[in-house]
Amino acid sequence: MANNPLGGIIPQQPPIQSQSDVHALKSRLEWGEPAFTILDVRDRPTYNDGHIMGAMAMPIDDLVDRAASSLEKSRDIYIYGTNDEQTAQAVNLLRSAGFEHVSELKGGLAAWKAIGGPTEGIVESRTPAGADDYNVVSRMQNHLENQKKEV
């Protein structure tokens with residue numbers, strides 16, 4: 001917060017948890033908080049078909065090498081894979097490599113899509129937008145409802 005020129009205007013996010021649900025991640029995205037990274041550890045063709053908007057592709061086979069060369073070890077990192085087991089394996093690999101703030105995104109892409117989180121990719125681009133995707137009022141109402149679920 002010391003580096004935040006807006007002082008107490010922007011609320012500080014709680015520390016990243018070892019496991020996170022998609023509502024916590026979506027809340028951070030909706031606030032526009034820039035200090036985190038989302039990693040998709042599935043294989044590249046699966047990533048290309050569809051992924052969380054803004055997620056970086058880092059297949060689990062070369063995850064540690066790529067993360068070490070491109071990410072700070074103190075950065076907040078959310079990881080999801082094909083299933084919760086692959087996600088947990090990827091998180092353990094990064095923690096063993098010295099990354100401090102790594103969280104398993106429980107439910108992965110399916111859970112993200114279930115709450116209307118933005119996606120992109122070949123298959124995802126063919127999926128029509130949801131009813132509230134372009135309606136700011138509906139998006140704000142959904143955000144408030146999600147906040148209530150977290151409490």
Side-chain angles (χ1 to χ4, degrees), residues 1-127 130 133 139 142-151:
M1 204 65 161
N3 294 333
N4 183 353
L6 298 178
I9 296 173
I10 298 175
Q12 188 170 3
Q13 290 290 326
I16 192 169
Q17 302 296 312
S18 62
Q19 294 183 342
S20 299
D21 73 0
V22 290
H23 294 287
L25 177 58
K26 191 172 184 199
S27 175
R28 286 187 79 173
L29 282 171
E30 287 171 345
W31 273 103
E33 188 180 334
F36 66 92
T37 299
I38 306 167
L39 297 182
D40 184 324
V41 298
R42 302 172 303 157
D43 62 67
R44 190 61 184 223
T46 305
Y47 170 87
N48 289 342
D49 282 344
H51 54 271
I52 294 174
M53 186 174 285
M56 295 173 61
M58 286 198 189
I60 198 163
D61 295 336
D62 57 337
L63 173 64
V64 174
D65 292 336
R66 292 193 55 206
S69 67
S70 61
L71 298 172
E72 292 180 28
K73 294 199 174 188
S74 61
R75 187 164 185 84
D76 285 0
I77 302 171
Y78 293 89
I79 295 181
Y80 70 97
T82 303
N83 52 45
D84 286 343
E85 291 78 25
Q86 184 185 48
T87 301
Q89 179 187 5
V91 165
N92 289 332
L93 286 170
L94 285 188
R95 286 186 185 140
S96 296
F99 286 86
E100 302 167 15
H101 306 285
V102 186
S103 183
E104 297 176 41
L105 188 60
K106 300 308 284 179
L109 183 61
W112 181 254
K113 288 166 66 171
I115 65 163
T119 58
E120 57 190 352
I122 297 167
V123 173
E124 294 300 320
S125 66
R126 296 183 195 134
T127 306
D133 284 356
R139 290 183 68 202
N142 285 342
H143 174 74
L144 291 173
E145 289 171 15
N146 290 337
Q147 292 298 310
K148 290 176 186 172
K149 289 178 187 175
E150 290 177 19
V151 174

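Heads up: numbering here begins at 1 and tracks the sequence.
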Atom pair CD1 (I60) and CZ (R42), whose distance is rounded to the nearest 0.5 Å: 12.5 Å
message: As an exercise, state the distance from CG of L29 to CD1 of I38, rounded to the nearest 0.5 Å.
response: 5.0 Å
statement: Contacts satisfying side chain to side chain donor-acceptor pair (under 3.5 Å) that involve residues 86-102 (not counting sequence neighbours) are T82-Q86
message: Between L93 and V41, does the side chain to side chain contact (heavy atoms under 4.5 Å, CB included) criterion hold? Intermediate values first, please.
response: CA-CA 11 Å; L93 286 170; V41 298; over 6 Å; no
message: Does any part of the side chain of V102, heavy atoms only, come nearer than 4.5 Å to the side chain of I79, both counted from C-beta?
response: yes
- request: Examine distances only and state if a side-chain atom of Q17 and a backbone atom of S103 form a donor-acceptor pair shorter than 3.5 Å.
  value: no
task: Quick one: closest heavy-atom pair of P59 and R66, and the distance?
output: CD-NH1, 3.6 Å
task: Kindly write out the residues that satisfy side chain to side chain contact (heavy atoms under 4.5 Å, CB included) with D65, not counting sequence neighbours, or none if the list is empty.
output: none
- prompt: For the atom pair CG (D40) and OG1 (T46), what is the distance rounded to the nearest 0.5 Å?
  reply: 8.5 Å
- line: Here the salt bridge (Lys or Arg N to Asp or Glu O under 4.0 Å) pairs for residues 102-115, sequence neighbours left out, are D84-K106, E104-K106, K113-E124
message: Going by ring-ring contact (aromatic ring centres under 6.0 Å, His included), name the pairs with one or both residues in residues 40-91, residues two or more places apart or in two chains.
response: F36-Y78, Y47-H51
task: Measure the spacing between CD of E120 and CG of N48 and express it to the nearest 0.5 Å.
output: 10.5 Å
task: To the nearest 0.5 Å, tell me how far L71 CG sits from I77 CD1.
output: 5.0 Å
- request: For residues A67 and L94, report the shortest heavy-atom separation together with the two atoms involved.
  value: CB-CD2, 3.7 Å
field: Minimum-distance pair of heavy atoms, taken over all atoms of V22 and G108
entry: CG1-O, 4.1 Å
- request: Hey, could you give me the OG1/CE distance between T37 and M58, rounded to the nearest 0.5 Å?
  value: 8.0 Å
- prompt: Which residue pairs pass the side chain to side chain donor-acceptor pair (under 3.5 Å) test when at least one of the two sits in residues 55-64, sequence neighbours left out?
  reply: none
query: Which residues pass the side chain to side chain contact (heavy atoms under 4.5 Å, CB included) test with A97, sequence neighbours left out?
result: V64, F99
